[in-house]
Every structure is written in C-alpha cells, then in structure tokens.
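Below is one structure, written out as structure tokens; comments come after it.
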Number of protein chains: 2
Amino acid sequence: MTVEEQSTPENNILKAAKEIFQKKGMAAARMQEIADEAGINKAMLHYYYRSKELLFEAVFKSAFHMLAPQLNEIMNADTSVFEKIKNFSSNYISFVLKHPYLPNFIIQELNRNPEFVKNLIAEKNFPNISKFKQQVNHKIEAGEIRPINPEQLFINIISLNIFPFIGAPLLKGFVNINDEAYKQLMEDRKTEVADFIINAIKI
Amino acid sequence: MTVEEQSTPENNILKAAKEIFQKKGMAAARMQEIADEAGINKAMLHYYYRSKELLFEAVFKSAFHMLAPQLNEIMNADTSVFEKIKNFSSNYISFVLKHPYLPNFIIQELNRNPEFVKNLIAEKNFPNISKFKQQVNHKIEAGEIRPINPEQLFINIISLNIFPFIGAPLLKGFVNINDEAYKQLMEDRKTEVADFIINAIKI
DNA sequence: ACATTTGTCAACCATTTGGTTAAACTAATT
DNA sequence: AATTAGTTTAACCAAATGGTTGACAAATGT
C-alpha cells in the first residue's frame, strides 16, 4: 500500500484537494469546498497544510509524480525506439483514462506559473530524453528511419498522446460525437497513435 | 479596418480584458486589473459590459471567432487532403506565434465549462469536418493513403499543431532548451508537421 | 440657450475568501 | 485522577472583490 492510499488525515485532505484543484484550478478552488469534500472543518486544512498555496503545491507535486516517472522509465528503458513509442502510447492513454483531469491540471498550472518547471527539473526522476535522442539519431544514420529532429519527434509523441484529453471538449464538438463514442476513440488510440508515428518515420 | 480594431471604449475594454483573461483565466482575472490595463475606472467596465461574466463571454467569443473560421475555411476548401494538412499547419502555427495565449485560454475555459461548446456549435462558421472525412475516405478507397479513421487523422492534425503551444512550459523542460530555441522549433514545425503527417498516411 | 441623454469618476457596499483564535474534546501517559 | 499532547470546532477577522450609487461633466438634440 503506497503512502497515498493510507487513510491519514493528511492523505484524506490531499485526496479531497486533488479532486477540487484538478477540477477547478488553483484560482477557482475554494478552501471551504475542499474541506467539505474531505468532510472536515476548514480550520483543519490550515492545521495540516499551513496555507492554500502549500496545499496546492502538495497536490501539484503529487500529481506530477504520478506522471513523470512513467515517462522517464519508458524513455530510459533498454528497448528500441519503436518499442518505446508503443509502450508510452499504450501506458499513458490507459493511465489518463483513469485520471482524466490530471493532464489538463498540470498543463494549466504550468502555464499560470512557468517558473514552477525549474523546481520540477531539479528533482530526480524528471524525464530525461537524451538516451531517446541518441537512439533516434543512431537509427537515422543506420537508414532505418527517415531523418527527423529527435526533439520534434519527441514533441510529436507527447502531443498525439496528451492533447486528445486536454482538448476533449473542443474535439468532441469538432468531430461531433458524444462522450461514449469519444472514449472509444481514445481506447483505439492506445495502438493507433504508435502505428501512426511509426508509419511517419519508418523507411 | 475590422470592428475589433476601431478605438471605441468597448473595444479598448475588450482588448484589455483579452490581455488579462487570456493570461490569467476567468477565475484569477480581476476587474480592477482589467480597468487599469484599459486606463479607465472600474465602474466603466460595468457600464459597458454589465458583469464580469458577460465581459468574459465577449472576450471568449471574440477569441474563438479568430480561430474557428480559419479552420473551417481550410477544411471546406476545394483543395486536396494533403494541401489542407499543409495549409492548416502553416497557417495555424503562424497565427499562434502571434497570439501565444489564445489556444491555452480557449482550451482551459472549455474544460472549466464544457457545456459552453454547445453555444459555439450553434453558431455558423463552427468548424465542420464532413467534407474532410469524405475526402479522406475517398483517398483510402483509391489506395492513395493508408486506411485510417478520418476522425483519428483529424485529431492527430489538431494535436500536433496545438499542443506544442499549450504544453510549451512542460516541453521546454523535457527538451531542455530556452525560449529562443523553442520558438525556432515552432518555426520549423510550420512545414515539419505536415511532412510528418503526410509520411504517416501516404502509401 | 436649454434639456436630455450619455459617459466618467470617487466613494461606497455586501459578500466572499483565506486565515486565525480560543475553547473544547479525545486519548494516551503518568 | 491529573496531566499532557494532539486534534477538532465554531466564531471571528481583515482583506479583497464584484458590483452600485450619486454627483458631475460632456455631448447631443431641439
């Protein structure tokens, strides 16, 4: 049982705060609402987490730590480029289908406060793509994939996996389908995205 | 000269409100800050736009109307699928480089209030992708592009073009480059993205 | 010239919000 | 039973915030 799942007051508050912060964002979230969600008095929030700012930081870091290590593990694994693309797409989409508010929350708050990234970079387990870049360059030299800037390829992988969740309300409108059908499209993307990327770079 | 560029009080307020709302979002934006930005008294905001909510709606619709028609024009143009992909990528990225806060603003607020999409759909000029879908299916039957769900292809196009801007703070951290270098990557994407997509679907 | 509408502002108001306090309750420890 | 430390609560507070008011100026029409 991980520390997040224990039923200490701190963790109950953190769970409630996640719920509210991720749904509404820092500015629109209300301490009272978080207290209600946690079933406690508002003063308790300040007892365990001095301020809204600190509670928010705890929530944000907890959220980020759910995502980043996954990315890092896959990118630094001893598998081929194609395997990495397949594994990341499949794992990431499965994960986000279970935590739909997470990506939007992180992106939104990083845009609100871009300097926050510096704190994250300093921590260990922050995703490092140098191995991935090497592998891609190697494959290009070996003539197995088309010439492409590895950074652009990385951005493409991330974009194709993350945006369909962040942009869901808009895309549902454009494609003109209901929630059920959209969820099915996301399920299909677990393999679809990797196929698309590999076709784009394979010679 | 379009109506947005005239220097009426309404438009000055709208311009100031855009600046603040797009940078901070609805919840974190302050009426006083918008008034300061517009160089007027706070009461003026309420005189011209009854409430924060209504001012926000005006800003949101104005922002959306800058983006949506472009997408619609390109998707319904009498050009080939490949041309559409090239035109959209190039036009969209050029546009967003000039209005960097716009995509994140729209996505963020649509996530906050998903029902808002319904209002937008009702308006004319809301993007319609049925022609694009037909063209893609036709090309598949003709054996010119690989089989792919046209909706997935559309989602891919949008994702590859929009996400690099919304996720910029995060991606800058992952790729570990400064703002200048990142902007150059975006410039490169004006052609890079279309090439990538076309390689992915071309037989 | 006068009256009426429209625009502008400083001061004000009611409510909300994050945060505090002091007292009360609980459960272990002596 | 008394002490102590940690936990919980209701009531309270100061600051911030969206919004209003009433006086006043500047156009606008007659």
Side-chain angles (χ1 to χ4, degrees), chain A residues 3-63 101 105 108-109 112-113 115-116 119, chain B residues 3-63 101 105 108-109 112-113 115-116 119:
Chain A
V3 69
E4 279 87 3
E5 287 156 351
Q6 284 171 358
S7 180
T8 67
E10 280 96 336
N11 283 329
N12 286 339
I13 292 174
L14 201 65
K15 197 181 157 195
K18 262 185 192 172
E19 185 82 16
I20 305 298
F21 275 134
Q22 292 182 16
K23 222 179 269 181
K24 310 210 161 180
M26 167 70 172
R30 299 289 158 239
M31 293 298 267
Q32 185 60 58
E33 204 178 353
I34 295 172
D36 292 346
E37 175 78 24
I40 58 169
N41 189 288
K42 183 162 68 85
M44 282 289 90
L45 298 182
H46 292 92
Y47 181 75
Y48 286 104
Y49 298 85
R50 283 172 45 83
S51 67
K52 186 184 185 185
E53 188 67 34
L54 287 174
L55 177 55
F56 174 80
E57 270 183 41
V59 168
F60 185 86
K61 285 196 177 166
S62 167
Y101 290 110
F105 172 67
Q108 187 179 322
E109 299 302 333
R112 191 180 61 94
N113 191 359
E115 309 97 64
F116 217 76
N119 295 19
Chain B
V3 68
E4 279 88 2
E5 287 155 351
Q6 285 170 359
S7 180
T8 67
E10 280 95 336
N11 284 329
N12 287 339
I13 292 174
L14 201 64
K15 197 181 158 196
K18 263 186 192 173
E19 185 82 17
I20 305 298
F21 274 134
Q22 291 181 14
K23 221 178 269 181
K24 310 212 161 181
M26 166 70 172
R30 300 286 157 243
M31 293 297 268
Q32 185 60 59
E33 204 177 352
I34 295 172
D36 292 347
E37 175 79 25
I40 56 169
N41 189 287
K42 184 161 68 85
M44 283 290 91
L45 297 182
H46 292 92
Y47 181 76
Y48 286 103
Y49 298 85
R50 282 173 47 83
S51 67
K52 186 184 185 186
E53 188 67 34
L54 287 174
L55 177 55
F56 174 81
E57 270 183 42
V59 168
F60 185 86
K61 286 196 177 166
S62 166
Y101 290 108
F105 172 68
Q108 185 179 325
E109 299 302 332
R112 192 179 61 93
N113 191 359
E115 310 95 64
F116 218 75
N119 295 18

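All chains are named by letter (A, B, ...) in the order of the sequence lines, taking the proteins before the strands, and each is independently numbered beginning at 1. When reading the values below, keep in mind they use all heavy atoms of this one structure, side chains included, and skip hydrogens, waters and symmetry mates.
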Hey, what are the protein-to-nucleotides 7-11 of chain C N/O distances that come in under 3.5 Å?
{"unit_1": "C/dG7", "atom_1": "OP2", "unit_2": "B/Tyr47", "atom_2": "OH", "d": "2.8"}
{"unit_1": "C/dT8", "atom_1": "OP2", "unit_2": "B/Tyr48", "atom_2": "OH", "d": "2.9"}
{"unit_1": "C/dC9", "atom_1": "OP2", "unit_2": "B/Asn41", "atom_2": "N", "d": "3.4"}
{"unit_1": "C/dA10", "atom_1": "OP2", "unit_2": "B/Asn41", "atom_2": "ND2", "d": "3.2"}
{"unit_1": "C/dA10", "atom_1": "N7", "unit_2": "B/Asn41", "atom_2": "ND2", "d": "3.2"}

**OP:** Applying side-chain contact (heavy atoms from CB on, under 4.5 Å), name anything that partners A/Lys61, two or more places apart in sequence or on another chain.
**Re:** A/His65, A/Glu123
Enumerate, atom names and distances included, each donor-acceptor pair closer than 3.5 Å involving a side-chain atom of residues 35-50 of chain A, sequence neighbours excluded.
{"unit_1": "A/Asp36", "atom_1": "OD1", "unit_2": "A/Gln32", "atom_2": "NE2", "d": "3.0"}
{"unit_1": "A/Asn41", "atom_1": "OD1", "unit_2": "A/Ala43", "atom_2": "N", "d": "2.8"}
{"unit_1": "A/Tyr49", "atom_1": "OH", "unit_2": "A/Glu10", "atom_2": "O", "d": "3.0"}

Original post:
Taking atom CD of A/Gln108 and atom CZ of A/Phe21, what is their separation to the nearest 0.5 Å?
Top reply: 12.0 Å
**OP:** Might you point out which heavy atoms bring B/Ala16 and B/Ile34 nearest each other, and give the distance in Å?
**Re:** CB-O, 3.8 Å
**OP:** Kindly write out the residues that satisfy side-chain contact (heavy atoms from CB on, under 4.5 Å) with A/Glu109, not counting sequence neighbours, or none if the list is empty.
**Re:** A/Met26, A/Phe56, A/Phe60, A/Phe105, A/Arg112
**OP:** Return the value, rounded to whole Å, for the distance between atom CG of A/Leu54 and atom P of C/dG18.
**Re:** 14 Å
Subject >> side-chain contact (heavy atoms from CB on, under 4.5 Å) partners for B/Lys23, two or more places apart >> reply: B/Glu19, B/Tyr101
Subject >> Rounded distance (nearest 0.5 Å) linking atom OG of A/Ser51 with atom CE of A/Met31 >> reply: 7.0 Å
Original post:
Partners of A/Asn119 by side-chain contact (heavy atoms from CB on, under 4.5 Å), sequence neighbours excluded?
Top reply: none
Polar-atom pairs under 3.5 Å, protein N or O versus N or O of nucleotides 14-17 of chain C: list them with distances, or write none.
{"unit_1": "C/dT17", "atom_1": "OP1", "unit_2": "A/Arg30", "atom_2": "NE", "d": "2.7"}

**OP:** Could you pull out all residues at least two apart from A/Gln22 that satisfy side-chain hydrogen bond (donor to acceptor under 3.5 Å, both in side chains)?
**Re:** none
Subject >> First-last contacting nucleotides on DNA chain D - partner chain B, under 4.0 angstrom, heavy atom >> reply: D/dT17 to D/dT21
Original post:
Who pairs with A/Lys24 by salt bridge (Lys or Arg N to Asp or Glu O under 4.0 Å), at least two apart in sequence or on another chain?
Top reply: A/Glu33
